[in-house]
Amino acid sequence: MTEPLLKVRNLKKHFPIKKGFLGKVVGSVKAVDGLDFDLFPGETVGLVGESGCGKTTAGRTILRLIEPSDGSAALNIDNKETDIFTMSGQELRAARSEMQIIFQDPFSSLNPRMTVGSIIGDALELHGIAKGDEKFEMAKQLLERVGLQAAYVNRYPHEFSGGQRQRIGIARAVALKPKFIVCDEAVSALDVSVQAQVINLLEDLQKEFGIAYLFIAHDLSVVRHISDRIAVMYLGRIVEMTDCETLYKTPLHPYTQALLSAIPEPIPGKKKKRVILQGDVPNPINPPPGCHFHPRCPYSTKRCETETPERAEVSSGHSVACHLVEEGQRPPYTAT
């Protein structure tokens, strides 16, 4: 069996809350609170959940754009596992060629004072791949590969539309031919027609370069199209993870069922039963004891209020963190 490209274990990121003149720490925001998952070469894992559940923080922490509070993220480079969180500055800089990110906002993620050629080519020069005219020639090739004209190499970001800017961001991310890319809401800021084009481009690049994606999104229709496996996240934790087909046909966690029921029905006149959750997402500063989802869960029991469920495998490749499922009961759900 193929070894995982990335192994994330007990990933935590807590942001301290400080008060007073001396900046005394009085609490923390538990943005990510114990994530465990594997990502295999050439695979796409979708990470979904409500806004504020910690998806983006998880992706950025794995890349060490944000320093972690606890846990490990082992990246397999040339059959050698190295924990990203223990790398020195020099080691991390070298490892950047193997892991990249595509940001959500195509407008703020590109330096307005740099030409497109410099934006794409700087990484090539930094890692000693090319410089001078050769760097710009490679930048032109990358622009053409993502569906833009090579002549755009001397233009500035303000001269492009949102979809074109995102293609430039993708070209920058794949310039070093990384093994792993975090797609942080990579299509959420784009028009629907442009979203489809960018998704198809990402899939083509994945096949060409064998890239593994951690695809962070809140649009479950997009995630269904591109993902091999999906992890559902709630208040800093993964509550369910399985392959794409299984999740959409037989979701087991009540939160997953609620998310899927909210997908708009594309067939006019066809209706489906909505699962309406009561209340708002709890405060990550002071999350509920036991199962974080229990205040909003229609099937909550006394055990859910006091005991934290561990994510366990209920069938091959399908893991759920729910006491109800653990006890052999399955919340009712009608597949659509």
Side-chain angles (χ1 to χ4, degrees), residues 6-17 25 27-39 44-74 84-85 99 101-105 109 180-189 213-220 222-223 227 229-242 247 251 253-260 262 277 279-297 308-311 319-322:
L6 178 71
K7 292 181 181 178
V8 177
R9 297 290 181 269
N10 195 36
L11 175 63
K12 293 183 180 181
K13 178 57 188 176
H14 297 173
F15 294 96
I17 301 171
V25 177
S28 62
V29 177
K30 299 176 177 64
V32 181
D33 200 26
L35 246 59
D36 295 278
F37 69 90
D38 292 337
L39 179 67
T44 300
V45 168
L47 189 60
V48 302
E50 291 171 287
S51 295
C53 71
K55 305 185 299 295
T56 293
T57 301
R60 296 192 178 203
T61 305
I62 289 169
L63 297 179
R64 263 184 78 181
L65 297 178
I66 303 172
E67 290 296 325
S69 300
D70 196 8
S72 65
I84 299 169
F85 299 161
M99 52 184 189
I101 184 170
I102 301 169
F103 294 97
Q104 176 179 358
D105 187 355
S109 62
F180 166 52
I181 294 180
V182 172
C183 301
D184 181 16
E185 303 272 12
V187 297
S188 65
Y213 293 135
L214 178 62
F215 193 86
I216 299 168
H218 58 261
D219 188 331
L220 289 162
V222 172
V223 172
S227 300
R229 290 187 297 143
I230 298 176
V232 181
M233 196 169 173
Y234 185 79
L235 210 65
R237 298 175 180 173
I238 292 176
V239 296
E240 184 166 6
M241 187 170 186
T242 186
L247 187 87
H253 198 282
Y255 178 63
T256 308
Q257 295 179 359
L259 288 181
L260 294 179
L277 297 179
D280 297 321
V281 179
N283 191 336
I285 297 174
N286 186 26
C291 175
H292 287 350
F293 186 61
H294 86 259
R296 306 173 72 193
C297 181
T308 303
E310 296 294 330
R311 187 157 60 95
S319 58
V320 186
C322 178

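Computed from a predicted structure; not experimentally measured. Numbering of residues begins at 1 and proceeds along the displayed sequence.
The line from CE of Met99 to CD1 of Ile84 is 4.5 Å long, rounded to the nearest 0.5 Å. Remark: Thr256 OG1 to Leu220 CG distance equals 9.5 Å, nearest 0.5 Å. Separating the CG atom in Leu277 from the CG atom in Leu259 is a distance of 7.5 Å, to the nearest 0.5 Å. For the atom pair CG (Leu47) and CD1 (Ile62), the distance works out to 8.0 Å, reported to the nearest 0.5 Å. Between atom CD1 of residue Ile102 and atom CD1 of residue Ile216 there is a gap of 11.0 Å, rounded to the nearest 0.5 Å. One distance of note links CG of Asp70 with CG of Leu11; it measures 8.5 Å at 0.5 Å rounding.
Put simply, the side chain of Gln257 gets close to the backbone of Pro251: a donor and an acceptor are under 3.5 Å apart. Between the Lys13 side chain and the Glu67 main chain, a donor and an acceptor come within less than 3.5 Å of each other. A distance-only check finds a donor-acceptor pair linking the side chain of Asp36 to the backbone of Asn10 [under 3.5 Å]. With hydrogens and angles disregarded, no donor-acceptor distance shorter than 3.5 Å links the side chain of Lys55 to the backbone of Met233. Distance alone, capped at 3.5 Å, places no donor-acceptor pair between the Ser319 side chain and the Arg311 backbone.
Taking 4.5 Å as the limit, every side-chain heavy atom of His292 sits out of range of all side-chain heavy atoms of Pro282. Asp38 places a side-chain heavy atom less than 4.5 Å from the side chain of Arg9. Counting only heavy atoms from C-beta outward, the side chains of Cys183 and Thr44 never approach each other to under 4.5 Å. Using a 4.5 Å heavy-atom cutoff, the side chains of Glu185 and Asp105 are not in contact. A heavy-atom distance below 4.5 Å is found between the side chains of Val281 and Leu235.
Nearest heavy-atom pair, Lys12 versus Gly34, reported as atom, atom and distance to 0.1 Å: CG-N, 3.5 Å. Closest heavy-atom contact between Leu35 and Ala58: CD2-CB, 3.7 Å. In plain terms, the two heavy atoms of Gly71 and Phe85 that are nearest each other are O-CD1, 3.3 Å. Looking at every heavy atom in both residues, Ile238 comes nearest to Ala321 through O-CB, 4.3 Å. Contact between His253 and Cys322 at its shortest, heavy atoms only, is CD2-CB, 3.8 Å. When all heavy atoms of Leu247 and Leu260 are compared, the closest pair comes out as O-CD1, 3.3 Å.
A side-chain N or O of Glu50 and one of Tyr255 form a donor-acceptor pair less than 3.5 Å apart.
Tyr234 and Phe293 have perpendicular rings, their planes meeting at more than 60° on a 0 to 90° scale where under 30° would count as parallel.
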